[in-house]
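Here is the structure we will look at.
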Amino acid sequence: MSIVLGDKEFFPSVPEVSYEGRDSDNPFAFKWYDANKIVAGKPMKDWLRFAGCYWHTFCGQGHDPFGPGTQHFEWNASSNVHKRATDKMDAAFEFFTKMQLPYYCFHDTDLIDEENSSVADFEKKIEFITNYAEKKQSASGVKLLWGTANLFSNPRYMNGAGTNPHFPTLARAGAQLKIAIDATIKLHGENYVFWGGREGYISLLNTNMKQEQDNFAAWLHMAKDYARKNGFEGGFLIEPKPMEPTKHQYDFDTATVAGFLNKYGLADDFKVNIEVNHATLANHTFQHELQVAADNNILGSIDANRGDYQNSWDTDQFPNNIAETTEAMLVFLEAGGLQGGGVNFDAKTRRESTDMEDIFHGHIGGMDTFARSLIIAEKIITESPYSDLRKARYETYQSGKGKEFADGKMSLEKLAQIGSEVGEPEQISGKQELFENIVNQYI
Ligand code: XUL
Ligand code: CO
């Protein structure tokens with residue numbers, strides 16, 4: 001990948017980041033991510049399909065509920081909305097190409113400032129900036145992993161978009177949804193994401209949950225039918241999150257989403273985009289969410305980040321926990337990877353990280369964490385007794401009466417008969433500590 005600059009270089013102090021190996025002391029080099037290295041039969045870059053995200057990296061400037069942003073972005077300097085958008089895109093593609101990121105992701109409103117535009121004006125703005133994006137994509141080879149609509153920031157969506165109790169507001173959101181789908185198709189986006197920002201409730205007292213969920217299913221069907229009719233062959237992804245900004249979000253976790261997709265006949269087209277910090281907010285591990293998705297055949301994509309064990313909000317920090325990521329990569333590899341998705345860094349540098357270079361450090365660390373964990377997980381699966389030990393726990397279901405039961409071919413009478421003949425069953429250890437030690441041995 002060669003570096004693609006616009007009129008000006010936004011990160012002149014950072015060269016192209018490449019693989020130098022674990023002994024390198026260069027902070028702008030990968031220690032583990034070696035794009036073409038073969039792991040479990042294919043290049044790392046094809047397993048991981050890393051993506052940079054527009055919103056945290058090029059839009060959010062570090063504001064929090066207690067104060068404004070601290071990060072100064074040179075691409076915001078122009079007073080002209082179109083110039084600001086193309087400058088931002090130049091900075092973004094400079095970053096993607098310097099970082100060897102093959103993909104990127106956006107919300108419609110990340111690309112260009114909305115500024116209270118009418119639907120027609122916003123559509124024109126999106127048309128302008130997606131024309132520019134087409135040029136940047138073809139100059140660089142960077143592709144769109146997914147697009148989405150921001151249907152949660154504008155105050156009009158305070159009561160939700162596809163679950164809004166007021167039909168005209170839902171329709172206004174639908175106009176924006178259509179523009180975002182059109183933009184994704186135009187830029188050959190490989191997926192389209194629905195993260196239900198305010199699709200939930202703050203109080204059940206004023207909420208008709210059944211109506212809202214039925215509406216949401218109708219909304220998703222409509223979006224899917226429209227996109228398919230217009231040639232979109234990619235995946236639709238629901239991104240589970242239990243709460244924040246709403247008290248209760250309908251797409252609570254992967255198990256909830258799987259049930260919803262089956263109930264409403266959406267399971268053929270929709271999969272999940274699993275975010276690490278959303279998993280932990282739901283009191284699950286990242287590994288748990290991946291496993292539920294894999295078992296339901298809906299493991300679409302990943303939003304990579306991490307939370308903070310000492311508090312419980314969505315901190316969206318860059319991944320750096322090798323043990324956590326290794327456990328996740330075990331599930332990932334056993335599932336055969338992602339179905340059409342990639343690893344998108346939905347992560348932000350801290351409010352106190354104010355140097356332009358800091359976004360490089362965050363992404364280098366995140367990519368190395370995933371790459372290293374992938375290598376470790378492959379070794380655990382192929383070289384250690386891990387898989388055999390787990391398989392052995394279930395061997396009584398592989399043949400004979402256990403298999404008959406597991407195949408659903410046994411009556412309760414027969415099961416009870418066997419149960420009364422076996423006597424007190426042998427005590428069999430779960431050996432969790434041994435499993436944990438094997439993982440640590442390979443780290
Ligand atoms: C919010 C979040 C979003 C989605 C896209 O928690 O993760 O950025 O990924 O709307
Ligand atoms: Co996300």
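The residues of the chain are indexed from 1 along the displayed sequence. Ligands are counted one by one from 1 in listed order, and the atoms in each one are counted from 1 as well.
- Counting heavy atoms from C-beta outward, Val17 and Met367 have side chains that stay 4.5 Å or more apart.
- The Co ion (ligand 2) lies closest to atom OD2 when only the N/O/S atoms of Asp303 are considered.
- In the vicinity of His107, heavy-atom distances shorter than 4.0 Å reach the ligand 1 atoms 5 (C), 8 (O), 10 (O).
- For Asp346, the N, O or S atom closest to the Co ion (ligand 2) goes by the atom name OD2.
- Between the Co ion (ligand 2) and the N, O or S atoms of Glu275, the shortest distance is to OE1.
- Of all the heavy atoms of Glu275, the ones lying under 4.0 Å from any atom of ligand 1 belong exclusively to the side chain.
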* Before giving the answer on salt bridge (Lys or Arg N to Asp or Glu O under 4.0 Å), spell out for Lys83 and Asp87 the whole-Å C-alpha distance, their side-chain angles and the decisive distance to 0.1 Å. => CA-CA 6 Å; Lys83 172 81 173 123; Asp87 281 352; 2.8 Å; yes
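- In summary, the side chains of Glu357 and Ser13 do present a donor paired with an acceptor at a separation below 3.5 Å, with no hydrogens or angles considered.
- In terms of distance to the Co ion (ligand 2), the nearest N, O or S atom of Glu239 is named OE2.
- There is a side-chain donor-acceptor pair under 3.5 Å between Arg49 and Tyr103.
- Heavy-atom contacts of Asp314 reach the following atoms of ligand 1: 6 (O) (cutoff under 4.0 Å).
- Judged purely by distance below 3.5 Å, without hydrogens or angles, the side chains of Gln211 and Asn215 pair a donor atom with an acceptor atom.
- The shell of residues lying under 4.0 angstrom from ligand 1, judged by heavy atoms, includes His278.
- Looking at Trp146 next to ligand 1, no N or O pair under 3.5 Å apart turns up.
- Under 4.0 angstrom from ligand 1, the non-hydrogen atoms of Asp303 all belong to its side chain.
- Residue Glu239 has at least one N or O atom closer than 3.5 Å to an N or O atom of ligand 1.
- Below 4.0 Å from some heavy atom of Lys241 lie the following atoms of ligand 1, by number and element: 6 (O).
- Between Thr148 and Phe194, every side-chain heavy-atom pair lies at or beyond the 4.5 Å cut-off.
- Of the candidates Asn321, Asn320, Thr280, Arg306 forms a side-chain hydrogen bond (donor to acceptor under 3.5 Å, both in side chains) with just one, namely Asn320.
- Looking at Gln441 and Asn437, their side chains never bring a donor and an acceptor atom within 3.5 Å of each other.
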